[in-house]
Amino acid sequence: MESQLVDPAILGQFVDALISEKYPDQPETNFANLREKAIKALDFQILKSILGSLTKEQGAELNQLLDNPSSDETTFENFFKDYGINLEAVLKDTMVKFKDDFMKGAQNA
């Protein structure tokens with residue numbers, strides 16, 4: 001399942017900021033591979049956190065929405081709102097944990 005929940009550009013900006021903080025004054029080109037791996041890892045962790053907050057039935061429904069090309073931002077907002085899931089809090093918590101792991105040098109961050 002490929003994420004449509006978080007814009008890849010936003011993930012890239014977040015990872016770029018982490019790399020700049022962890023490796024100041026070094027050219028971005030030195031970290032292209034790390035950047036791509038980190039974006040994929042962050043995206044995976046976000047999806048894992050979101051799916052972990054859903055029931056099995058809700059997860060199946062979300063998968064259907066993700067697979068539907070006509071699903072848009074409003075569709076996802078309504079899905080989470082209808083089930084009382086604070087997506088912003090899940091994203092924030094996941095990104096904070098990812099940052100901590102990344103800065104400590106965790107291999108899967």
How long is the straight-line distance from [atom2] of [Y] back to [atom1] of [X], given to the nearest 0.5 Å?
{"X": "Leu51", "Y": "Leu62", "atom1": "CG", "atom2": "CG", "value": "6.0 Å"}
{"X": "Glu88", "Y": "Leu91", "atom1": "CD", "atom2": "CG", "value": "7.5 Å"}
{"X": "Phe80", "Y": "Asn86", "atom1": "CZ", "atom2": "CG", "value": "11.0 Å"}
{"X": "Leu34", "Y": "Tyr23", "atom1": "CG", "atom2": "OH", "value": "5.5 Å"}
{"X": "Lys99", "Y": "Leu42", "atom1": "NZ", "atom2": "CG", "value": "13.0 Å"}
{"X": "Ile50", "Y": "Leu87", "atom1": "CD1", "atom2": "CG", "value": "5.0 Å"}

Of all heavy-atom pairs between [X] and [Y], which one has the smallest distance, and what is that distance?
{"X": "Gln26", "Y": "Asn30", "result": "OE1-ND2, 4.4 Å"}
{"X": "Val15", "Y": "Ala38", "result": "CG1-CB, 3.7 Å"}
{"X": "Thr94", "Y": "Ser49", "result": "OG1-OG, 2.9 Å"}

Q. Looking at Tyr83 versus Phe79, is the centre-to-centre ring distance below 6.0 Å?
A.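 Ring centres of Phe79 and Tyr83 closer than 6.0 Å.
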Q: Give the C-alpha distance, both sets of side-chain angles, the deciding distance and a yes or no for side-chain contact (heavy atoms from CB on, under 4.5 Å) between Ile19 and Glu28.
A: CA-CA 8 Å; Ile19 291 171; Glu28 291 178 14; over 6 Å; no
Q. Does the side-chain contact (heavy atoms from CB on, under 4.5 Å) test come out yes or no for Val96 and Asp93, once each step is laid out?
A. CA-CA 5 Å; Val96 166; Asp93 292 346; 5.8 Å; no
**Q.** SB check Lys97 Asp101 (cutoff 4.0 Å)
**A.**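 Looking at Asp101 together with Lys97, the answer is yes, because their closest N to O distance falls below 4.0 Å.
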Q) Can you get from Phe44 to Leu18 by hopping between Ile, Leu, Val, Met, Phe, Trp and Tyr side chains that sit under 4.5 Å apart? A)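 As far as the 4.5 Å side-chain criterion goes, Leu18 and Phe44 are not connected within one cluster.
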Q: Show the numbers, then the answer: is there a side-chain contact (heavy atoms from CB on, under 4.5 Å) between Thr75 and Asn68?
A: CA-CA 10 Å; Thr75 303; Asn68 184 345; over 6 Å; no
**Q.** Close side-chain approach of Asp16 and Phe31, heavy atoms under 4.5 Å
**A.**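 Result no, sub-4.5 Å side-chain heavy-atom pair not found.
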Q. Hey, is the main chain of Thr74 close enough, under 3.5 Å, to the side chain of Asn78 for a donor-acceptor pair?
A.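 Flag set: sc Asn78 to bb Thr74 pair under 3.5 Å.
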